[in-house]
**Q** 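One structure coming up, written as structure tokens, with questions to follow.
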Protein chains: 2
Amino acid sequence: MVKAIAVRNLHGQVIQELGRQIVGGELRPGELLPREELLAERMIVSRTALREAMKVLSAKGLIEARQRTGTRVREKKYWNQLDADVLAWRCASMPTNDFVDKLVEMRETIEPAAAAAAARRRDDTQLAALEAAYRAMEAAEELDAWAEADLAFHEAVLNATNNELMASLFSVIETALGTYFLLSARTAANFKYSLPHHFAVYEAIRRRQPEAARRAMLRMVDDSRTNIRRRRRTKKAS
Amino acid sequence: MVKAIAVRNLHGQVIQELGRQIVGGELRPGELLPREELLAERMIVSRTALREAMKVLSAKGLIEARQRTGTRVREKKYWNQLDADVLAWRCASMPTNDFVDKLVEMRETIEPAAAAAAARRRDDTQLAALEAAYRAMEAAEELDAWAEADLAFHEAVLNATNNELMASLFSVIETALGTYFLLSARTAANFKYSLPHHFAVYEAIRRRQPEAARRAMLRMVDDSRTNIRRRRRTKKAS
DNA sequence: TAAATCTATTAGTATTACAATTGAGCAGGT
DNA sequence: ACCTGCTCAATTGTAATACTAATAGATTTA
């Protein structure tokens, strides 16, 4: 479901390894992990490499090191839940359905608001980008091209927001969901199903009508969610 | 405006130093920073400590290191905008008003949605926490106590959401805004001004009325924003 | 009993050495 | 003149080692 970020470095691997274990629940919050020397030995890396990894995990809020006491896994409430890696590890570990629901809920909250903001503040360049994305969706002949254009469309909306925070949040969520929400609902036969929804969003943003944009985006997201749910049931049945 | 996270460690200081410089624009994207040996020497730390800091900055998406080439500052689009530190550095560097507006915009989209979700999914324990926070606000005699209770109230709402992502996002934003949005609008005289708003939110959540909760929270946030704006004008005038 | 102190353990920092990667230039062939 | 591939050197990546600093817990002392 999730793209594993390619890791060439050694400490990168260590980060992944430990991060996965912590987020996945093998290492439970409060648990004390072996002292650096031992752990390094076990993972067959130098203490240097291990420590570089630990610093990163610590920055993500997953662990906390104190002299003499050792390093322990922090409570979940301190984790940087919005960190791309943490999110990815959760996706990789969790019995996904309820977590996906949470991600979708975030998306449902963000995107309509973003559409409204875009309608308010977009400049002509950003509108042009949006239009280009829409035309690409319209012209798409096959699923791949359509998915790519769809993604570009949503990015363009977020971009027109002129609020990097919104854009960033969406991109994190979207990465976590992978191609899930883009592709899941549509079969090869009807993948252009939501084109009218996209047009409505585009039009509202073009005309600078925030409320219309919000409603249009809401309809789109809603629709996508019901499709995902339907798909989920189908899968379960099969 | 922002709480500087207390840093005891050396690499912690280095992280702050470099992070601030990058986010603050002293080191521009694309710029190549000195090789580790030199940089370490300049900052009067060992290469070890420097590298531990670099790994963290790299995890935040601020820099990218490649062998032979060196380490360079990444484009803004790759930064983890939602990282607490990155946010804090931005707050510390930016001519704040427009950035604060962006944060407020995030808050305005999140909180009403959160209130609605809370009304849908809260359990009795969470409701009790919410009630406790409300009573504390009601009972508050002075500004400090009120601010604390207010914060607890919002946390309780987010918590009742049962969606850690929402909770996390809010907590990040709230930290970035510091006590700004909690305190800025109210003078010592009328700090209990928004109590009715809070009651409305509480009631709607208690009665499991999502839409009512959303609207109530929206009114509250809207109101808070106008107060902030008013305050801003006043400040400018003075 | 409580307060001060010592001690052993663990993370933090520094230093040094070497390995791995790779851009750039050079050599050789066509 | 142009491509190909090789070598070289610069920079990050990894390791090993030694020492420093903080502190939980035992020990001593008032």
Side-chain angles (χ1 to χ4, degrees), chain A residues 4-19 21-22 27-75 78-79 85, chain B residues 4-19 21-22 27-75 78-79 85:
Chain A
I5 298 169
V7 171
R8 32 178 166 288
N9 304 332
L10 228 193
H11 49 257
Q13 291 174 240
V14 177
I15 292 171
Q16 293 291 323
E17 174 77 11
L18 288 177
Q21 283 186 28
I22 292 173
L27 295 168
R28 317 252 306 262
E31 195 168 335
L32 198 68
L33 36 85
R35 37 182 255 266
E36 295 179 345
E37 205 178 355
L38 264 179
L39 191 53
E41 189 179 356
R42 256 189 235 176
M43 307 194 84
I44 322 182
V45 297
S46 70
R47 205 184 140 209
T48 315
L50 176 67
R51 276 183 59 81
E52 288 179 358
M54 304 264 267
K55 288 305 142 195
V56 172
L57 294 174
S58 163
K60 292 184 192 299
L62 298 186
I63 61 178
E64 187 179 32
R66 286 169 53 183
Q67 283 180 198
R68 159 82 206 197
T69 317
T71 304
R72 58 179 66 242
V73 180
R74 298 187 78 184
E75 297 297 325
Y78 295 113
W79 296 1
D85 291 324
Chain B
I5 297 167
V7 172
R8 32 179 167 288
N9 304 332
L10 228 193
H11 48 256
Q13 291 174 239
V14 177
I15 291 172
Q16 292 292 322
E17 174 78 10
L18 289 177
Q21 284 185 28
I22 292 172
L27 294 169
R28 317 253 305 263
E31 196 168 335
L32 198 68
L33 37 84
R35 34 182 260 266
E36 295 180 344
E37 204 179 354
L38 265 178
L39 191 52
E41 188 179 357
R42 256 189 234 174
M43 310 193 82
I44 322 181
V45 297
S46 69
R47 207 186 138 206
T48 315
L50 176 68
R51 276 182 59 81
E52 288 179 358
M54 303 264 267
K55 288 304 144 199
V56 173
L57 293 174
S58 163
K60 292 183 192 301
L62 297 186
I63 60 177
E64 186 180 31
R66 285 170 54 184
Q67 284 181 195
R68 158 83 206 194
T69 317
T71 304
R72 57 179 67 243
V73 180
R74 298 187 77 183
E75 297 297 325
Y78 295 112
W79 298 359
D85 290 324

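Residue numbers begin at 1 in each chain, while the letters A, B, ... track the order of the sequences.
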**Q** Roughly how far, to the nearest 0.5 Å, is the CD1 atom of A:Ile22 from the CZ atom of A:Arg74?
**A**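 If I round to the nearest 0.5 Å, the distance is 11.5 Å.
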**Q** Between B:Ser46 and C:dA14, is there a contact of a side-chain N or O with OP1 or OP2 at under 4.0 Å?
**A**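 Result: yes.
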**Q** Rounded to whole Å, how long is the line connecting atom CG of A:Asn9 with atom C1' of D:dT12?
**A**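 Atom CG in A:Asn9 sits about 9 Å away from atom C1' in D:dT12.
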**Q** Got A:Leu18 and A:Leu50 here, is their nearest side-chain heavy-atom distance under 4.5 Å?
**A**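 The answer is yes, as the side chains (C-beta and beyond) meet within the 4.5 Å cut-off.
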**Q** Calculate the interatomic distance between B:His11 atom NE2 and C:dG12 atom P; express it in whole Å.
**A**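 These atoms are roughly 6 Å apart.
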**Q** Just compare D:dG13, D:dT11, C:dA11 and give me whichever is closest to any side-chain atom of A:Glu36.
**A**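 Ranking D:dG13, D:dT11, C:dA11 by closest atom to the A:Glu36 side chain puts C:dA11 first.
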**Q** So, is A:Arg66 close to the C:dA11 phosphate, meaning a side-chain N or O under 4.0 Å from OP1 or OP2?
**A**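 Checking C:dA11 against A:Arg66, no side-chain N or O comes under 4.0 Å of OP1 or OP2.
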**Q** Within less than 4.0 Å of OP1 or OP2 of C:dA11, is there a side-chain N or O belonging to A:Arg68?
**A**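 It does not, given that no N or O in the side chain of A:Arg68 lies less than 4.0 Å from OP1 or OP2 of C:dA11.
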**Q** Categorize A:Arg47 for me: base, sugar-phosphate, or nothing, with a 4.0 angstrom heavy-atom threshold over every strand shown.
**A**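 Counting heavy atoms under 4.0 Å across all strands, the contact made by A:Arg47 includes a base.
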**Q** Between P on C:dA14 and CD on B:Gln13, what's the gap in Å once rounded to a whole number?
**A**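 The answer, rounded to whole Å, is 10 Å.
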**Q** CZ of B:Arg51 versus P of C:dT15: gap in Å, rounded?
**A**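 Taking atom P of C:dT15 as the reference, CZ of B:Arg51 is at 16 Å.
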**Q** Could you tell me if the side chain of B:Met54 sits less than 4.5 Å from the side chain of B:Leu33, heavy atoms only?
**A**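 Side-chain contact under 4.5 Å: yes.
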**Q** Assign each of B:Thr48 and A:Gln67 to its nearest nucleotide of DNA chain C by heavy atoms, then name whichever residue's nucleotide is nearer the 5' end.
**A**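 The 5'-side residue here is A:Gln67.
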**Q** Find which nucleotide of DNA chain D each of B:Met54 and A:Leu50 is nearest to by heavy atoms, and output the residue with the more 5' nucleotide.
**A**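 In this pair, the answer is B:Met54.
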**Q** Closer than 4.0 Å, any side-chain N/O of A:Thr71 to the OP1 or OP2 of C:dA11?
**A**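 So the side-chain polar atoms of A:Thr71 do come within 4.0 Å of the phosphate oxygens OP1 or OP2 of C:dA11, strictly under.
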**Q** Whole angstroms only, please: what is the CG-P distance between B:Leu33 and D:dA10?
**A**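 Result: 19 Å.
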**Q** With heavy-atom distances below 4.5 Å as the criterion, would you say the side chains of A:Glu52 and A:Thr48 are in contact?
**A**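 In contact.
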**Q** What is the distance, rounded to the nearest whole Å, between atom CD of B:Glu52 and atom C1' of C:dT13?
**A**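 The answer, rounded to whole Å, is 8 Å.
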**Q** With a 4.5 Å limit on heavy-atom distance, are the side chains of A:Leu62 and A:Val73 in contact?
**A**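 They are not in contact (no side-chain heavy atoms under 4.5 Å apart), so the answer is no.
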**Q** Once you round it to whole Å, what is the distance between P of C:dG12 and CZ of A:Arg35?
**A**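 Rounded to whole Å, this separation is 14 Å.
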**Q** Whole Å only: how far is the NZ atom of A:Lys55 from the C1' atom of C:dG12?
**A**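 Rounded to the whole Å, the gap is 8 Å.
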